[in-house]
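This report refers to the structure that appears directly beneath it.
Protein chains get the first letters and strands the later ones, always in sequence-line order, with residue 1 at the start of each.
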Amino acid sequence: MARRRRQPPGASAAEQLRLRDRLARLTDLPLLRGAGVSGEMARLRRQLERIAAEPTEDDVWRAVELARHQARPYTLDYAERILDDFVELHGDRSLGDDHAIVAGLGRFRGATVALVGHQKGRDIHERTRRNFGMAMPEGYRKAMRVMEIADRHGFPVLSLVDTPGAYPGVSAEQHGQGGWIARSQLAMARLCVPTVACVIGEGGSGGAVAIALADRVLMQENAIYSVISPEGCAAILWRDAGEAKKAAAAFKPDARHCLELGVIDAIVPEPAGGAHANHDEAARLLAAALEAALAEVAGLEADERRRARRAKFRAMGELTA
Amino acid sequence: MARRRRQPPGASAAEQLRLRDRLARLTDLPLLRGAGVSGEMARLRRQLERIAAEPTEDDVWRAVELARHQARPYTLDYAERILDDFVELHGDRSLGDDHAIVAGLGRFRGATVALVGHQKGRDIHERTRRNFGMAMPEGYRKAMRVMEIADRHGFPVLSLVDTPGAYPGVSAEQHGQGGWIARSQLAMARLCVPTVACVIGEGGSGGAVAIALADRVLMQENAIYSVISPEGCAAILWRDAGEAKKAAAAFKPDARHCLELGVIDAIVPEPAGGAHANHDEAARLLAAALEAALAEVAGLEADERRRARRAKFRAMGELTA
Amino acid sequence: MASRIDVSIEHRGPPAEASSAQRDPNTCPSCGSHYREDELERALRVCPQCGHHFPLRARQRVAQLVDHGTFVEQEESLRSADPLGFFDVRPYTERIAEAEVSTGLGDAIVIGAAKIERRDCQLAVMDFAFMGGSMGSVVGEKLARACERAAERRLPLVCVTASGGARMQEGILSLMQMPKTVCAVDLLRESRCAFFCVMTHPTTAGVLASFASLGDVIVAEPGALLSFTGPRVVQQTTREKLPDDFGLSESNLRLGHLDAILTRGELRPFLGRLLALFEHGA
Amino acid sequence: MASRIDVSIEHRGPPAEASSAQRDPNTCPSCGSHYREDELERALRVCPQCGHHFPLRARQRVAQLVDHGTFVEQEESLRSADPLGFFDVRPYTERIAEAEVSTGLGDAIVIGAAKIERRDCQLAVMDFAFMGGSMGSVVGEKLARACERAAERRLPLVCVTASGGARMQEGILSLMQMPKTVCAVDLLRESRCAFFCVMTHPTTAGVLASFASLGDVIVAEPGALLSFTGPRVVQQTTREKLPDDFGLSESNLRLGHLDAILTRGELRPFLGRLLALFEHGA
Ligand SMILES: [Zn+2]
Ligand SMILES: [Zn+2]
């Protein structure tokens with residue numbers, strides 16, 4: 001966990017830290033910060049080794065498949081596990097209530113927070129109702145509304161990202177899809193409260209980034225975060241959607257690569273086999289990571305936090321001059 | 001003009017002031033503040049006398065008719081006369097561009113201001129396009145958007161009110177008519193910049209008040225400002241829309257009564273016969289009144305101004321305890 | 001030229017008061033079931049048969065919502081001053097006096113301090129039985145004072161609305177209660193106090209278009225008419241065919257204007273949870 | 001399951017480049033008129049016959065917009081670093097080199113200080129000819145630096161966009177240019193600088209969904225495609241019938257997303273007026 005870097009760790013945490021440091025030196029990688037939350041040393045070691053190794057084409061594809069796994073926990077699965085007294089709020093006060101995004105308030109580790117997140121559906125009915133987690137401007141406006149409430153009342157904002165992308169439909173376009181994705185990001189840039197985002201499944205393009213401009217951005221071990229889906233990329237660049245696996249490997253949408261590229265701050269470990277295998281354990285690990293990330297930024301003054309948030313994203317990209 | 005109360009008037013202004021004071025004492029009324037802008041003493045005297053006299057049922061009905069006169073200047077007629085380099089802005093960034101409200105930026109007395117206002121149409125085509133000056137949520141959102149730009153850049157906001165009321169249509173309701181009228185008022189309550197509203201024709205109910213929560217609220221001599229139209233009132237309370245004239249008299253929607261009731265801050269004189277008789281002169285008188293009202297509030301700190309604005313509306317109403 | 005009425009008081013949909021005026025008040029207008037007073041009272045005045053929500057008087061609402069014995073009423077003595085000397089077919093003063101006698105209230109709103117599920121809050125509850133819950137100087141004033149008291153004590157404001165709109169007999173001053181209450185909510189927000197609004201049948205016109213719509217959280221009872229302009233006026237003005245659920249809670253939720261629809265029984269625990277979530281120091 | 005593409009580069013409506021690829025660049029794809037280079041140049045590359053707006057290169061745009069001789073380019077030397085070592089059918093580095101040669105630009109945006117109608121401003125102009133105006137690290141960086149320079153000098157930023165979206169070859173880092181440029185605009189706003197955006201054909205996907213939509217004032221050229229998802233993908237994904245003017249400037253204006261549509265000839269005086277209006281102290 002990122003927090004441990006700054007605060008003196010406890011006894012068993014110290015041991016974890018030594019192991020992590022050794023592995024980090026071995027692999028010469030600045031990652032592993034997300035791995036400290038699991039208490040079991042053996043599994044920790046396995047996880048660290050798996051995360052630390054350079055992912056192969058198969059590894060990347062496995063993350064793509066796990067990120068989209070139908071049994072993978074969705075935002076509401078986490079909400080009920082990591083929040084007490086969750087109250088979901090509804091509506092954008094303009095046009096509708098977009099079920100592809102959920103937003104609400106709840107108690108996290110004893111303090112009130114706002115939660116926003118994409119929501120996919122598991123069965124066919126729910127998937128249709130949730131529009132496969134693809135939000136419309138209405139959804140982003142709902143998220144913005146709840147974030148504004150949080151900001152006014154001093155509640156930190158947690159955001160869970162899990163979408164194939166913003167909905168590519170006629171009315172979504174007519175209602176200003178591009179503009180609202182932009183305004184949602186701007187609203188997050190301006191928040192005075194601490195914010196932590198975590199990609200918990202698919203972090204698909206603009207639809208994902210709309211709610212991911214946070215003080216800390218985490219990614220679960222098997223989540224993906226990408227500018228375009230592997231299929232979309234393959235169709236455009238290889239002119240063959242069947243080349244998705246190749247495209248994914250070229251794209252590097254996996255957590256390990258996102259960390260290396262400086263796009264995320266830490267990787268959140270998942271239970272053995274992936275988050276779908278054990279929702280409770282996945283939630284426990286996620287909650288620990290969110291708590292640690294929040295703690296890192298909670299101490300700052302609002303202005304300072306906002307400047308740091310801006311500086312963090314300002315630095316992204318690679319250039320030669 | 002209200003400003004003259006605080007600043008030493010010039011030579012001819014001093015004469016006007018004496019006359020006004022004498023008339024004010026005679027009639028024992030706290031009005032006339034809006035009358036100082038006309039240069040001609042004789043007409044000023046006639047105007048003062050007319051305004052100072054207790055309006056009869058016929059006087060009130062004449063104001064109703066003049067306020068709705070088809071040749072009466074509308075917001076854009078004033079915009080082109082009192083602003084330089086007016087740039088109209090469009091759209092609410094969500095659903096549409098409501099032509100019943102115009103909003104834009106221009107230079108007023110050398111300084112940039114934002115102007116928002118209802119806009120009626122004169123011919124049948126324009127009247128339909130402008131929806132008779134009855135706005136939808138889209139229109140209030142457009143106004144809010146331009147006011148937000150003004151607030152960010154320190155431009156004072158001028159608002160011209162001229163509407164029979166908010167549009168009573170299905171989609172207006174579906175898009176949140178009530179909520180957006182409320183939010184538009186709240187946005188105006190929160191503005192840091194100086195704000196002046198003037199009722200230039202019909203100040204009809206919630207549709208009017210949506211853009212009239214300003215530091216100073218003026219009313220043209222023949223404008224009306226009311227909670228319901230005379231016809232509507234008659235239909236509900238007398239169960240006969242034909243009793244509109246009687247209802248208007250009971251309602252007292254005219255400027256003189258609004259001033260007495262503490263709802264407006266000053267009356268803006270119109271050219272002889274009414275604003276429709278001479279658009280240029282009406283604009284000149286309006287501009288002078290807006291300038292004076294702006295000057296009154298321009299010197300305050302933003303917080304102080306906002307508190308004073310709140311206190312002003314807070315005091316409205318009559319109670320016994 | 002379209003009509004200019006946008007504050008008329010109308011009802012529509014499930015709670016069809018217009019036609020039920022002659023009926024027994026304990027007969028469900030929706031399914032026709034009849035109840036003894038104590039039965040209905042025990043059921044929170046919700047029809048056990050079909051779920052119809054009977055109208056609630058302000059004091060009944062307070063009794064249902066707050067922890068027993070915690071409500072301390074404020075500003076009971078405020079009365080309207082008839083600023084226009086208004087007279088239609090009868091003097092306004094006479095209408096007020098009659099409403100006072102028939103409702104036992106000074107005006108269409110009751111405010112006070114209370115506890116809901118052991119959490120302190122400021123309460124403001126409207127009563128439709130007092131001149132259609134219309135907002136004149138007294139409703140505006142009491143709502144504003146409720147905001148100020150909440151701000152002073154740094155407590156959340158819980159407001160239950162039921163209103164046909166502005167109190168026409170107070171003319172332009174009734175319209176001014178809209179910006180007045182909006183300014184009061186602005187103060188409440190500046191003081192970082194939460195504001196929860198429960199909209200009940202009907203919440204329309206000037207109340208919907210001012211403080212009621214500014215809640216941090218807005219919920220409604222089922223089947224309530226919540227529209228700025230009432231369906232009859234919309235129909236007459238535009239000749240548009242209205243959707244069956246025009247303006248009702250259910251369509252408002254679907255269209256994004258509400259956070260939830262709650263039955264009367266769900267209301268108190270829901271508010272309790274919200275109050276707990278918003279219990280924070282600065 | 002719907003397709004997940006939302007950054008594809010597409011064209012539609014009046015400027016039908018796809019089919020005009022083989023055509024003479026000086027033949028109007030809309031009405032078929034043919035012009036000599038000097039004729040077209042004099043007409044600001046707008047068809048005198050039908051008003052079709054031919055694509056403009058970044059340097060041509062700068063020349064049309066700014067007072068002669070006032071443009072001072074900044075950050076010319078920035079180049080992409082190929083962070084993924086990306087290789088599809090060809091290496092990314094090869095594609096960039098080719099684009100550099102064919103366009104004479106270092107990437108798909110040109111920034112600099114300039115005067116428009118005698119008013120100082122900061123300028124940022126995109127060039128669709130450089131890899132479809134796609135936004136990678138360099139476009140994001142130069143846009144961010146343009147914001148910072150504007151903030152430092154307290155000048156308005158004038159931005160002309162033309163982009164198919166993200167630079168896919170830079171993977172997730174291209175996506176991150178969205179929050180990066182949004183943060184830059186946030187700084188610009190905090191510094192109380194004005195931001196005017198001129199959207200030209202096409203402005204889509206990641207550019208539309210970040211800085212481009214955050215202008216205080218947003219205008220567009222006629223007939224430009226301005227949509228987050230392109231019409232072909234919307235059509236394929238949803239099987240919805242698209243309106244004829246789907247995503248074009250004209251429908252964007254009608255739907256409230258633009259302040260105005262301006263022909264190329266109107267652009268400079270309009271910007272001059274805006275710059276004068278926003279010229280303010282503090
Ligand atoms: Zn029943
Ligand atoms: Zn042509």
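- Residue Ser251(D): no heavy atom, backbone or side chain, is found under 4.5 Å from chain A.
- More than 12 heavy atoms of other residues, nucleotides or ligands lie within 6.0 Å of CD in Glu94(D), so this atom counts as buried by the packing criterion.
- Rounded to the nearest 0.5 Å, atoms CG (Leu187(D)) and CZ (Arg310(A)) are 5.0 Å apart.
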Yes or no on side chain to side chain contact (heavy atoms under 4.5 Å, CB included) for Asp186(D) and Arg306(A), after CA distance, side-chain angles and deciding distance? CA-CA 10 Å; Asp186(D) 185 34; Arg306(A) 198 174 142 198; 2.9 Å; yes
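- When each of Arg167(D), Arg145(D), Arg254(D) is checked for heavy-atom pairs under 4.5 Å with chain A, Arg145(D) comes out on top.
- Contacts of Ser226(A) with chain D are made by backbone atoms alone, with heavy-atom separations under 4.5 Å and no side-chain atom involved.
- Interface residue Val209(A): only side-chain heavy atoms are found under 4.5 Å from chain D.
- Applying the ring pair (Phe, Tyr, Trp, His ring centres under 6.0 Å) criterion to Phe195(D), with sequence neighbours excluded, gives no partner residue.
- For the set Gly171(D), Ser213(D), Pro179(D), Ser77(D), the entry with the most heavy-atom pairs within less than 4.5 Å of chain A is Pro179(D).
- By number of non-hydrogen pairs under 4.5 angstrom with chain D, the leading residue of Val170(A), Val263(A), Leu213(A) is Val170(A).
- When all heavy atoms of Pro243(D) and Gln174(A) are compared, the pair lying nearest together is CG-NE2, 3.7 Å.
- Taking OG from Ser205(A) and CE from Met168(D), the interatomic distance works out to 10.0 Å, rounded to the nearest 0.5 Å.
- Side-chain N or O atoms of Glu318(A) include none that pairs as donor or acceptor with a backbone N or O of Glu170(D) at under 3.5 Å.
- Neither the backbone nor the side chain of Arg127(A) comes within contact range of chain D; no heavy atom of the residue lies under 4.5 Å from a heavy atom of that chain.
- Separation of atoms CG (Asp303(A)) and CD (Glu190(D)) is listed at 7.0 Å; rounding is to 0.5 Å.
- Of residues 175-183 of chain A, those residues with a non-hydrogen atom less than 4.5 Å from any non-hydrogen atom of chain D are, in numerical order, His175(A), Gly176(A), Gln177(A), Gly178(A), Gly179(A), Ile181(A), Ala182(A), Arg183(A).
- The choice from Ala209(D), Gly106(D), Ser137(D) that makes the most heavy-atom pairs within less than 4.5 Å of chain A is Ala209(D).
- For Phe246(D) against Glu173(A), the heavy-atom pair with the smallest separation is CZ-CG, 3.5 Å.
- Proximity to chain A (any heavy atom under 4.5 Å) is restricted, for Glu148(D), to the side chain, taken from C-beta onward.
- Across all their heavy atoms, Leu173(D) and Gly317(A) have their closest contact at CD2-N, 3.9 Å.
- Taking all atoms of both residues into account, the shortest heavy-atom contact from Ser174(D) to Val227(A) is OG-CG2, 3.4 Å.
- Glu141(D) places none of its side-chain heavy atoms less than 4.5 Å from the side chain of Met316(A).
- Residue contact with chain A, scored on non-hydrogen atoms closer than 4.5 Å, is absent for Arg239(D).
- Between Thr229(D) atom OG1 and Tyr167(A) atom OH the span is 10.0 Å, to the nearest 0.5 Å.
- Contacts of Leu237(A) with chain D are made by both backbone and side-chain atoms, with heavy-atom separations under 4.5 Å.
- Residues meeting the salt bridge (charged side-chain N to carboxylate O under 4.0 Å, His left out) test with Glu250(D), sequence neighbours left out: none.
- Your options are Asn131(A), Leu319(A), Thr163(A), and the one with the most heavy-atom pairs under 4.5 Å with chain D is Leu319(A).
- Taking the side chain as every heavy atom from C-beta outward, Phe313(A) and Val182(D) never approach each other to under 4.5 Å.
- Proximity to chain A is limited to the side chain of Gln177(D), based on heavy atoms less than 4.5 angstrom apart.
- Using a 4.5 Å cut-off between non-hydrogen atoms, the part of residues 78-90 of chain D that approaches chain A consists of Leu78(D), Arg79(D), Ser80(D), Ala81(D), Pro83(D), Leu84(D), Phe86(D), Phe87(D), Asp88(D), Val89(D).
- The structure places CG of Leu186(A) at 5.0 Å from CZ of Arg189(D), a figure rounded to the nearest 0.5 Å.
- With a threshold of 4.5 angstrom between heavy atoms, Glu75(D) does not approach chain A through any atom at all.
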